[in-house]
Protein chains: 2
Amino acid sequence: MKYDEAKHRFIQQWGALGTAWGISRTMAQIQAVLLLSPESMTADDLMEELGISRGNVSMSLKSLIDWGVATKEYKAGERKEYFRAEKDIYRVATQVAHERRKRELEPVLHMLESIKEMDDKEVSKSKREEMKKVGANILDLAKKSDSLLKKFISAEKNWFLNKLMKL
Amino acid sequence: MKYDEAKHRFIQQWGALGTAWGISRTMAQIQAVLLLSPESMTADDLMEELGISRGNVSMSLKSLIDWGVATKEYKAGERKEYFRAEKDIYRVATQVAHERRKRELEPVLHMLESIKEMDDKEVSKSKREEMKKVGANILDLAKKSDSLLKKFISAEKNWFLNKLMKL
DNA sequence: TTGAATTTTCAATAATTATTGAAAATTAAA
DNA sequence: TTTAATTTTCAATAATTATTGAAAATTCAA
């Protein structure tokens, strides 16, 4: 297979994966391009590569940086900004997991904590119990997932340290 | 807090969580209503509860069943169909994880396998290497996540067995 | 300070996705 | 069989989300 075809496929699939998971296609595609690029790239490079507007590139890069999966760099004697993607895919995964927890899961967990106070005699016991049970189970799952993720991360850290030791 | 307010909050937040993760608001809200309901419910119940159309309820329920997180039931001497949500939230999570892997991740993994064949002398070594590296890392992460999920599931199975033993 | 290069913002627009609602299909009781 | 109850489908429409592009803001060299 030609490099260009492989690259095209990677960018398309990565973009599709993004949309399925609630991330804009462009944002995921920009990440894909940066992941494949050995060098950091400018906004103009990305506009050209993906055929998208300057505004879109600017906003998508901002988001990638907010998610903690891309960084901005400056080159000596150059006015333009250069961008680079986080290439350690484990760090990308844990970073995204953390961000999503914070942005999307935490509001749900807060809501569940708050409805623990629910105590309404006007409604049947079984309805109240069902709600308490569902809430408790989700909170419990969240807690267990957290500790699992922590283990995963520390396992990865060790793996990285091992690699270092072997050098 | 009143039961109705708690219920309303749960349904809204669960719906919002759904959209953030690429699941339609209604589908998530129907699941929320079913999770809170001690009894199974009909399409009419759900239409009334959420104020949505019959068609939407029908399609959303079909999706929930496809995802393996809801089931249809028949009551003796009744024409209508009743629906029930999977309430073991661990099973919901692992079910959704499996489905998403199959539907959304697998196409990416196949693509990554196929671009392993990439071998294009027209393009710089560093570009080719970057692509191979990114591909290998993602495949590796997917493999590790799988084994982690497997461990999680078996841990849950044991937890369930333990509960059983204690009875 | 200028002012040209560069980036960001955001209202307008396009593209996508979700929802409706009524017609068609299915089901099962009479 | 009929026929009425119920569910499904899907074209039309609404709602949401993504993208554009040009004006405004920022940055930095002169």
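So that the names make sense, note that chain A is the first sequence line, chain B the second, and so on, each numbered from 1.
Closest-nucleotide positions on DNA chain D for B:Phe83 and A:Gly51 were compared, and the one nearer the 5' end corresponds to B:Phe83.
The CD atom of B:Glu81 sits 13 Å away from the C1' atom of C:dA25 (whole-angstrom rounding). Protein atom CD1 of B:Ile65 is 12 Å distant from nucleotide atom P of D:dT7, rounded to whole Å. With rounding to whole Å, B:Met27 atom CE is found 19 Å from C:dT20 atom C1'. Put simply, CG on B:Leu46 is 16 Å from C1' on C:dT19, counting in whole angstrom units. Computed from coordinates, the B:Met47 CE to C:dT19 P distance equals 14 Å when rounded to whole Å. Between the P atom of C:dT7 and the CG atom of A:Leu61 lies a distance of 10 Å, rounded to the nearest Å. Taking atom CD1 of B:Ile23 as the reference point, atom P of C:dT17 lies 14 Å away to the nearest angstrom. Between B:Leu50 atom CG and C:dT19 atom P the separation is 10 Å, expressed in whole Å.
Here B:Ser24 reaches the OP1 or OP2 of C:dT19: one of its side-chain N or O atoms lies under 4.0 Å away. Distances shorter than 4.0 Å separate none of the side-chain N or O atoms of A:Lys72 from OP1 or OP2 on C:dT6.
Cation-pi geometry between B:Lys72 and B:Phe83 is not met: the NZ or CZ atom fails to fall both under 6.0 Å from the ring centre and inside 45° of the normal.
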Hey, what are the protein-to-nucleotides 10-16 of chain C N/O distances that come in under 3.5 Å?
none

Can you check nucleotides 26-30 of chain C for protein contacts, nitrogen or oxygen pairs under 3.5 Å, and list what you find?
unit_1 : atom_1 : unit_2  : atom_2 : d
C:dT27 : O2     : B:Arg79 : NH2    : 2.3
C:dA28 : O4'    : B:Arg79 : NE     : 3.4

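Within the structure, ring pair (Phe, Tyr, Trp, His ring centres under 6.0 Å) pairs that include any residue of residues 106-150 of chain B do not occur (at least two apart or interchain).
The pair B:Glu49-B:Lys7 counts as a salt bridge, with a side-chain nitrogen and a carboxylate oxygen less than 4.0 angstrom apart. A salt bridge is absent between A:Lys102 and A:Glu106: the closest approach of a Lys/Arg side-chain nitrogen to an acidic carboxylate oxygen does not fall below 4.0 angstrom. A salt bridge links B:Lys116 and B:Glu113; the closest N-O separation between the charged side-chain nitrogens and carboxylate oxygens is under 4.0 Å. By the 4.0 Å N-to-carboxylate-O rule, B:Glu5 lies close enough to B:Arg9 to be salt-bridged with it.
Of all the heavy atoms in B:Gln29 and B:Gly15, the pair that sits closest is CG-CA, 3.9 Å.
Between the two ends of the helix from C:dT1-D:dA30 to C:dA30-D:dT1, each summarised by a five-pair axis, the helix axis turns through 20° (rounded to 10 degrees).
A donor-acceptor pair under 3.5 Å is absent between the side-chain atoms of B:Ser60 and the main chain of B:Val57, judged by distance alone. In terms of modelled atom types and a separation under 3.5 Å, the side chain of A:His8 and the main chain of A:Asp4 share no donor-acceptor contact. Using a distance-only test at 3.5 Å, with no hydrogens or angles considered, a donor-acceptor pair links the side chain of A:Asp45 to the main chain of A:Thr42.
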Trace of the side chain to side chain donor-acceptor pair (under 3.5 Å) decision for B:Trp67 with B:Gln95 = CA-CA 7 Å; B:Trp67 280 87; B:Gln95 190 59 33; over 6 Å; no

Salt bridge (charged side-chain N to carboxylate O under 4.0 Å, His left out) assessment of A:Asp146 paired with A:Lys150 | CA-CA 6 Å; A:Asp146 280 350; A:Lys150 226 182 269 173; over 6 Å; no

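Residue B:Lys80 places its side chain closer to D:dT6 than to any other of D:dT8, C:dT19, D:dT6. Nearest to the side chain of B:Ser53, among C:dT20, C:dT9, D:dT9, sits C:dT20.
Side-chain atoms of B:Tyr90 and A:Asn137 form no donor-acceptor pair, as typed in the model, at a separation below 3.5 Å.
The stretch residues 9-22 of chain B has no heavy atom under 4.0 Å from DNA chain D, so no residue of it qualifies as close.
Scored by the ring pair (Phe, Tyr, Trp, His ring centres under 6.0 Å) test, B:Trp14 finds B:Phe10 as partners (sequence neighbours excluded).
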